[in-house]
Amino acid sequence: MNDSSWRAPARGEYADAWGPSDQGPAPAGPAHDAHRAEQTRPMPIVPPEEPMPTPPTPPQKKRAGRDLRAAIGVGVGLGAVIAASLFIWKAAFIGVIAVAVVVGLWELTSRLEERKQIRAPLVPLAVGGAAMVVAGYVRGAEGTWVAVAFTTLAVLVWRMTESPDGYLRDVTAGVFAVFYVPFLATFVAMMLAADDGVQRVLTFLLLTVVSDTGAYAVGWRFGKRKLAPRISPGKTREGLGGAFVFAMAAGALCMEFLVHGGTWWQGLLLGLVVAASATLGDLGESMIKRDLGIKDMGTLLPGHGGIMDRLDSLLPTAPVVWLLLVIFVGSG
């Protein structure tokens, strides 16, 4: 476009387009023909630009959602501590259980206070919880129940030193914590008290870990159908099937070669029940965390969360394994 296109056109310039001009026939000649051709030259048709082809997006790899290297490192470290305490001096493992119980109670009560303003008294819970573990190892079920009773009483009395506002709410949470963490943990101590206690505890730990690992591996690779999407969206039915298969296989091997007097078919049943109880325990803690609006109970273990995030499947599995082992091979 040039400057002449912005002026008003002369009367004779559109003669060819609108008919003969009233000034008479246009003069002939090469100059006029060139001017006419310039006025009637069609605008060149510019084809639309084709969009650049978008490179295909590479398929996204599934991610575990956690730092896998940190998780493996912490897992190996915890396994080394457990193995050392079990095989060098098994009474030291009672100390490991007591420490885990106290830290788990601290995480649980801290989250309850932060998210729900529930003040379950930690001091009587921690002291009573450690005493329950020791009583279970030394005096068995009888000692455990005595320690439970005194710990519950201590929670009720300790909370009386503060304002009565929220008393019932706080002591109810405290009693829940007594049974959820230390009481269930005492079954591990009672397993250890048997003559073959190391083998029983090792079986309990192996089956629970193998169940969780099988569920994770199969669910990560093949999981499509959600197991409980409102509670734990990451868990799938395929993962649950993997937990059953892995735990039953590990149970058959442990009962056949590790536990004195056990048989492979007992191990299959044991693994089946462990997979179910471990999954329910995991879902139970997920329900608590959803109610509190948190992802993890703590940050003490990189790649794992907190101690309670590792105890979630172990705690409810302990009484199940203890009971089935007593039925299958006796109390020892």
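The closest side-chain heavy-atom distance from Phe93 to Val201 is below 4.5 Å. Within the 4.5 Å cutoff, the side chain of Val274 has no heavy atoms near those of the Val210 side chain.
Shortest non-hydrogen contact noted between Ala147 and Met132 is CB-CG, 3.4 Å. The minimum heavy-atom distance linking Ser85 with Val96 is given by the pair OG-CG2, 3.9 Å. Across Val133 and Ala98, no two heavy atoms sit closer than the pair CG1-N, 4.4 Å. Of all heavy-atom pairs between Phe244 and Ala276, the closest is CE2-N, 3.9 Å. Scanning both residues, Ile307 and Ala100, for their nearest heavy atoms gives CG2-O, 3.7 Å. Pairing each heavy atom of Val198 with each of Leu192, the nearest pair is N-CD1, 4.1 Å.
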Q.
Working note: Lys235 + Ser232, criterion side-chain hydrogen bond (donor to acceptor under 3.5 Å, both in side chains); need CA distance, chi angles, decisive distance, verdict.
A. CA-CA 6 Å; Lys235 289 180 174 53; Ser232 183; 3.2 Å; yes
Q: Go through Leu325 and Met255 one step at a time and tell me if the side-chain contact (heavy atoms from CB on, under 4.5 Å) criterion holds.
A: CA-CA 9 Å; Leu325 288 178; Met255 289 298 291; 3.8 Å; yes
Q.
Test side-chain contact (heavy atoms from CB on, under 4.5 Å) on Met297 and Glu285; report intermediate values, then the result.
A. CA-CA 9 Å; Met297 280 290 189; Glu285 203 212 13; 3.2 Å; yes
Q: Let me see the working for Met308 and Val181 under side-chain contact (heavy atoms from CB on, under 4.5 Å), right down to the final yes or no.
A: CA-CA 9 Å; Met308 284 300 298; Val181 184; 4.1 Å; yes
Q: Show the numbers, then the answer: is there a side-chain contact (heavy atoms from CB on, under 4.5 Å) between Arg200 and Asp196?
A: CA-CA 6 Å; Arg200 296 190 184 209; Asp196 58 344; 2.8 Å; yes
Q: Just do the side-chain hydrogen bond (donor to acceptor under 3.5 Å, both in side chains) check on Ser313 and Asp212 with the steps written out, would you?
A: CA-CA 8 Å; Ser313 55; Asp212 289 346; 2.9 Å; yes
Q: Show the numbers, then the answer: is there a salt bridge (charged side-chain N to carboxylate O under 4.0 Å, His left out) between Lys116 and Asp291?
A: CA-CA 9 Å; Lys116 297 291 186 178; Asp291 186 25; 3.3 Å; yes
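Cluster annotation: Leu105 and Leu292 are assigned to the same hydrophobic cluster (Ile/Leu/Val/Met/Phe/Trp/Tyr, side-chain heavy-atom contacts under 4.5 Å, transitive).
Separation of the Trp264 and Phe257 ring centroids does not fall under the 6.0 Å cut-off.
The side-chain contact (heavy atoms from CB on, under 4.5 Å) test with Trp106 is passed by exactly one of Val101, Leu122, Leu125: Leu122.
Taking CD1 of Ile294 as the reference point, atom NZ of Lys289 lies at 7.0 Å (rounded to 0.5 Å). We find the CG-CZ distance between Leu323 and Phe187 to be 8.5 Å, quoted to the nearest 0.5 Å. The structure places CH2 of Trp322 at 9.5 Å from CE of Met191, a figure rounded to the nearest 0.5 Å. Going from atom CG of Asp309 over to atom CG of Asp296 covers 4.5 Å, rounded to the nearest 0.5 Å. Here the CG atom belonging to Leu206 is positioned 12.0 Å from the OG atom belonging to Ser211, to the nearest 0.5 angstrom. If you take OG1 on Thr186 and OH on Tyr137, they are separated by 14.5 Å, rounding to the nearest 0.5 Å.
Open room surrounds CZ on Phe150; 12 or fewer heavy atoms of other groups in view lie less than 6.0 Å from it. Within 6.0 Å of CZ on Arg139 lie no more than 12 heavy atoms contributed by other residues, nucleotides or ligands.
In this pair, Phe183 and Trp145 present their aromatic rings tilted. The plane angle is within the 30 to 60° band.
Comment: Arg221 does not engage Glu238 in a salt bridge, judged by the lack of any side-chain N to carboxylate O separation of less than 4.0 angstrom.
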